[in-house]
Undergrad: 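Quick one: structure below, then a few questions.
Naming convention: chains lettered A, B, ... in sequence-line order (proteins, then strands); numbering from 1 in each chain. Given the structure is predicted, the values throughout are model-derived calculations rather than measurements.
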Number of protein chains: 2
Amino acid sequence: MTTRDPQATGLARLAGLIADETRATCLLALLDGRAWTAGELARHAGVAASTLSEHLGRLVAGGLLAEERQGRHRYVRLADARVAQLVEDLAAQVAPGRSGRPRNLRESSAGSAMARGRTCYDHLAGRLGIVVTDALTARGLLQQETGFALTDAGLAWFAAAGIGLERRGRRPLARACLDWTERRPHLAGVAGAALCRRALDAGWCVRIGSERAVKVTAAGERALFDLLGVEATALR
Amino acid sequence: MTTRDPQATGLARLAGLIADETRATCLLALLDGRAWTAGELARHAGVAASTLSEHLGRLVAGGLLAEERQGRHRYVRLADARVAQLVEDLAAQVAPGRSGRPRNLRESSAGSAMARGRTCYDHLAGRLGIVVTDALTARGLLQQETGFALTDAGLAWFAAAGIGLERRGRRPLARACLDWTERRPHLAGVAGAALCRRALDAGWCVRIGSERAVKVTAAGERALFDLLGVEATALR
DNA sequence: GGGACACTTCGGCGGCGGCCGAAGGGTCCG
DNA sequence: CGGACCCTTCGGCCGCCGCCGAAGTGTCCC
């Protein structure tokens, strides 16, 4: 074993962090953008707390997760949008292989709620995400012709709606994120995150249970129509 | 072990394909966009041919590589641009951790050639990629404000230069790819690939040895100046 | 046809890593 | 201050997987 390319070593190590079913389960759960406690994740993944503790240690050490300790709780969340994007991209690559259908009504209805609307780390996805993205595009606020980009009208629309778009670091304003239920791109990036935050803050949609699924409220239907001309029926 | 989320299983399996140093070495080598024989990769990775054969089997079965058998040779290449993008993204995530400096002059000079210009699967990267991207941007052909996108002038420029841009599937015309030596985004996507192909076909740059590194020729310096106003000194 | 060559299959070895339960600390609350 | 709770550390078990060399298959070329 002579000297190996450090790039390859790093790549293998990074992939190795994701290459475990329990850790992958955690990363996917954390795509909801919130901080989970170690115990929640252990129950979610179906392993002993001790086992999960070690997994979290690795993920944090590897830079994929950020942790915050509060009292006797250890909260973890994805380290940054970049990591979330990476996990999303990998998951999207996998999606075509989704073969199994839901086994019972509960899973089926949960799956359907997820398909209707959910969050992808910090932006909207599912049918909801697609509908919003399409509406933005149809109104000339977003252009997808030569890559995802906000138009001048789009920038004005965000400003008029009072949704601030402050660029942080290298994160692009607009970015396409491939949806694994719709198989079409939807709006991510700074604009996607700001829009999602506004939707949740203003009560346009609310989270269902502790999952990533979200439900559009009556106020949300009104806002979607007023701001983007979207009919409520488009969401069903 | 109760029933697990199939998404997590798939994600872990996909990451597992990359999570081996030998396989990672292969994937990085294949980022040059060309087809390698099994033997070349075995030598490159420093393992027995039998070992590498099994690795290739897994990578092909997992959909990361495509293979073509010709006589007694087995040629493999990355399955598609999507896979290449995934590997690039993962490698870019790793890059900040690059700590070791080159150990001798040969590595140093090879590394420096790589830093000056190289291909990323099918588009230009390194200093060369950045310079071209900057020039396109400075001339109003590419805008980076709200995500990477070609402007109307940019589309006209490609047409005038006789570089065809046919959209295939979902691949975006313009996309940002983060460079791991320059730490800045450069042009990828359909436009990046077309530009790179033209540069190689027209002899504007040539590959150095069997690596990803490329060298700008005298004709290339002239073309860069004529088409984009880039001074040759910007490349050194 | 024979020999060189590229790759694959097989058997066996060794190490890594995920799993658990038990035991140990730290924190909160009554 | 005592008990409940959340998390972590440790030791041990087990299975997976990457490695190799030897033998086998297929292809090319003389």
Undergrad: Whether B:Arg23 contacts D:dG18 is assessed here as follows: a side-chain N or O lying under 4.0 Å from the phosphate OP1 or OP2. Is that the case?
TA: yes
Undergrad: Among C:dC7, D:dG18, C:dC20, which nucleotide sits nearest the side chain of A:Ser50?
TA: C:dC20
Undergrad: Looking at the side chain of B:Glu54, which of C:dC10, D:dT8, C:dC19 is the nearest nucleotide?
TA: C:dC10
Undergrad: Between B:Arg74 and C:dA6, does any side-chain N or O lie under 4.0 Å from OP1 or OP2?
TA: no
Undergrad: Mind calculating the distance between CG (A:Asp20) and P (C:dG18) to the nearest angstrom?
TA: 5 Å
Undergrad: Of all residues at least two apart in sequence or in a different chain, which pass the side-chain contact (heavy atoms from CB on, under 4.5 Å) check with B:Ala19?
TA: A:Ala15, A:Ala19
Undergrad: Return no unless some side-chain N or O of B:His73 is found under 4.0 Å from OP1 or OP2 of D:dG26.
TA: no
Undergrad: With respect to the side chain of B:Val47, which nucleotide from C:dC20, C:dC7, D:dC19 is positioned closest?
TA: D:dC19
Undergrad: Closer than 3.5 angstrom, by distance alone: can the side chain of A:Arg23 be matched with the main-chain N or O of A:Ile18 as a donor-acceptor pair?
TA: no
Undergrad: From the options D:dC17, C:dA6, C:dT8, select the nucleotide whose nearest atom is closest to the side chain of B:Arg58.
TA: D:dC17
Undergrad: Rounded to the Å, how far apart are A:Leu56 CG and C:dG17 P?
TA: 17 Å
Undergrad: Just how far, in rounded Å, is C1' of C:dG17 from CD1 of A:Ile18?
TA: 17 Å
Undergrad: Taking only side-chain nitrogens and oxygens of A:Thr22, does any of them come within less than 4.0 Å of OP1 or OP2 of C:dC19?
TA: yes
Undergrad: Between atom OH in B:Tyr75 and atom C1' in C:dC7, what is the gap in whole Å?
TA: 13 Å
Undergrad: Does A:Ser53 put a side-chain nitrogen or oxygen below 4.0 Å from OP1 or OP2 of D:dC7?
TA: no
Undergrad: Separation of A:Glu67 atom CD from D:dC7 atom P, in whole Å?
TA: 12 Å
Undergrad: Specify the separation, in whole Å, of atom CG of A:Leu41 and atom P of D:dC7.
TA: 9 Å
Undergrad: What nucleotide among D:dC17, C:dC5, C:dT9 has an atom nearest to a side-chain atom of B:Arg72?
TA: C:dC5
Undergrad: Using a cut-off of 4.0 Å on non-hydrogen atoms, how would the nucleic acid contact of B:Ala49 be classed: base, sugar-phosphate, or nothing?
TA: base
Undergrad: Starting at CG of B:Leu59, measure out to CG of B:Leu27 and round the result to the nearest 0.5 Å.
TA: 5.5 Å
Undergrad: When rounded to the nearest 0.5 angstrom, what is the spacing between CZ in B:Arg77 and CG in B:Leu30?
TA: 10.5 Å
Undergrad: How many angstroms lie between NE2 in A:His123 and CZ in A:Arg118, if you round to the nearest 0.5 Å?
TA: 9.0 Å
Undergrad: Could you check how far CG of B:Leu17 sits from P of D:dC16, rounded to whole Å?
TA: 17 Å
Undergrad: Which nucleotide, C:dC19, D:dC7, D:dG18, lies nearest any side-chain atom of A:Arg69?
TA: D:dC7
Undergrad: Measure from CZ on A:Arg13 to P on D:dG18 and round the result to the nearest Å.
TA: 17 Å
